[in-house]
Amino acid sequence: MSEAALKLDRVSRVYEQASGALTVFRNVSLEVRPGEIVALVGPSGAGKSSLLHIAGLLEEPSEGEVFIAGRSAASLSERERTQLRRDTLGFVYQFHHLLPEFSARENVALPMRMQGKGRQDAETAADAILAQVGLAQRVTHRPSQLSGGEQQRVAIARALANAPRVLLADEPTGNLDPHTADAVFAMLIERVRASGLSALIATHNYDLTKKMDRTLKLSDGTLA
């Protein structure tokens with residue numbers, strides 16, 4: 001069996017406060033296999049976003065270890081963590097976080113430029129990715145000229161720009177109306193399947209979990 005694309009080994013997140021320690025979750029372990037799409041559900045405040053931030057090397061766990069494609073992040077320098085995050089992980093959030101002064105093409109090209117690709121090559125590749133998410137005619141539009149669903153499609157295209165091994169998504173359709181959310185989520189799943197990458201997707205929508213391979217529930221500090 002091939003190694004996990006993403007593995008969390010006995011990970012805990014504890015915040016130190018003036019009133020004492022606040023444990024969000026403790027001893028959480030999970031694996032996402034290559035090509036697998038896993039749903040992460042749980043009540044608000046259960047720590048789903050914190051878990052995704054730890055999985056995405058945006059936060060360090062209070063305890064435990066994170067492995068990306070078999071590589072432990074525990075002993076990496078901040079520069080090495082940044083490089084591993086840039087080269088192997090893609091992120092989609094509830095709010096698109098697009099740069100408002102940039103076109104759709106420029107927003108998607110940016111991560112490729114940061115990876116060292118030349119401007120022309122990056123923008124040509126960005127156009128191809130935007131076409132794959134149904135935005136071939138909108139590449140020169142800025143976010144303010146796009147609908148909410150189109151903005152989130154650009155955000156998904158940006159997350160896929162550097163051909164990541166793992167996609168992490170935090171309520172990726174939570175800010176959209178139900179009809180648009182269904183269309184955008186179907187496109188997201190289609191692109192993930194077509195790319196062969198792994199995905200861990202947090203959602204409150206239990207109907208969406210039926211379109212994924214399995215579901216993990218984070219509640220009361222534990223994962224089931």
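Numbers here are sequence positions counted from 1.
- A salt bridge is absent between E63 and R13: the closest approach of a Lys/Arg side-chain nitrogen to an acidic carboxylate oxygen does not fall below 4.0 angstrom.
- Just one residue in the list L76, L57, I68 forms a side chain to side chain contact (heavy atoms under 4.5 Å, CB included) with R85, and that residue is L57.
- For R165, there are no salt bridge (charged side-chain N to carboxylate O under 4.0 Å, His left out) partners two or more places apart in sequence or in a different chain.
- Side-chain contact between K48 and E171 is present, with at least one heavy-atom pair separated by less than 4.5 Å.
- Looking only at side-chain heavy atoms (C-beta outward), H204 and S44 come within less than 4.5 Å of each other.
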Exercise. Carefully, step by step, assess T222 and F25 under the rule side-chain contact (heavy atoms from CB on, under 4.5 Å).
Key: CA-CA 6 Å; T222 61; F25 48 78; over 6 Å; no

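- Pairs engaging residues 89-98 under the salt bridge (Lys or Arg N to Asp or Glu O under 4.0 Å) rule: none recorded [sequence neighbours left out].
- By the side chain to side chain contact (heavy atoms under 4.5 Å, CB included) test, A155 is found to be paired with H96, L98, Q152, R158, residues two or more places apart in sequence or in another chain being considered.
- Distance alone, capped at 3.5 Å, is enough to place a donor-acceptor pair between the S12 side chain and the N27 backbone.
- Cation-pi geometry between R71 and F67 is not satisfied (NZ or CZ under 6.0 Å from the ring centre, within 45° of the ring normal).
- Residue S198 comes nearest to G35 through the heavy atom pair OG-N, 3.2 Å, listed as atom of the first residue, atom of the second, then distance.
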Practice problem: Please test R214 against E36 for salt bridge (Lys or Arg N to Asp or Glu O under 4.0 Å), starting from the C-alpha separation and ending with a verdict. | Solution: CA-CA 9 Å; R214 59 189 174 96; E36 185 180 34; 2.5 Å; yes

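- With sequence neighbours left out, E65 forms a salt bridge (charged side-chain N to carboxylate O under 4.0 Å, His left out) with no residue at all.
- Side-chain contact between T88 and N162 is absent, with no heavy-atom pair separated by less than 4.5 Å.
- Residues forming a side chain to side chain contact (heavy atoms under 4.5 Å, CB included) with P61 (at least two apart in sequence, or on another chain): V11, I54.
- V139 and L146 fall within the same hydrophobic cluster, where Ile, Leu, Val, Met, Phe, Trp and Tyr residues are linked whenever their side-chain heavy atoms come under 4.5 Å apart, directly or through other members.
- The distance from atom CG of L223 to atom CG of L40, rounded to the nearest 0.5 Å, is 6.5 Å.
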Exercise. Start with the C-alpha distance between V92 and L168, add both sets of side-chain angles, then the distance that settles side-chain contact (heavy atoms from CB on, under 4.5 Å), and finish with yes or no.
Key: CA-CA 6 Å; V92 182; L168 301 170; over 6 Å; no

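- For residues 121-131, every residue pair satisfying the side-chain hydrogen bond (donor to acceptor under 3.5 Å, both in side chains) rule, not counting sequence neighbours, is listed here: R105-D127, R119-E123.
- By the rule that hydrophobic residues join a cluster once side-chain heavy atoms approach within less than 4.5 Å of another member, L84 and L8 end up as members of one cluster.
- Taking every heavy atom of both residues into account, E31 and A4 meet most closely at OE1-CB, 3.9 Å.
- Among residues two or more places apart in sequence or in another chain, the salt bridge (charged side-chain N to carboxylate O under 4.0 Å, His left out) test is passed with D9 by none.
- Counting heavy atoms from C-beta outward, P172 and L188 have side chains that approach closer than 4.5 Å.
- Annotation for M114: hydrophobic cluster partners, listed by chain and number, are L99, F102, L110 (ILVMFWY side-chain heavy atoms under 4.5 Å, direct or chained).
- Considering only residues two or more places apart in sequence or on other chains, D87 meets the side chain to side chain contact (heavy atoms under 4.5 Å, CB included) condition with Q83, Q115.
- Under the 4.5 Å side-chain heavy-atom criterion for ILVMFWY residues, no single connected hydrophobic cluster contains both I201 and L51.
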Exercise. Assess whether side-chain contact (heavy atoms from CB on, under 4.5 Å) is satisfied between V192 and L167, documenting all intermediate values.
Key: CA-CA 8 Å; V192 170; L167 181 75; 3.7 Å; yes

Exercise. Evaluate the side-chain contact (heavy atoms from CB on, under 4.5 Å) criterion for residues V38 and M212: first the C-alpha distance (whole Å), next the side-chain angles of each, then the deciding distance (0.1 Å), finally the verdict.
Key: CA-CA 6 Å; V38 177; M212 297 184 248; over 6 Å; no

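- Scanning for side chain to side chain contact (heavy atoms under 4.5 Å, CB included) contacts around R79 gives S77, with sequence neighbours left out.
- The two residues Y206 and G42 have their closest heavy-atom pair at OH-N, 4.4 Å.
- The CD atom of Q145 lies 10.5 Å from the CD atom of Q151; values are rounded to the nearest 0.5 Å.
- Residues passing the ring pair (Phe, Tyr, Trp, His ring centres under 6.0 Å) test with Y93 are H97, sequence neighbours excluded.
- R191 meets the salt bridge (charged side-chain N to carboxylate O under 4.0 Å, His left out) test with no other residue; sequence neighbours excluded.
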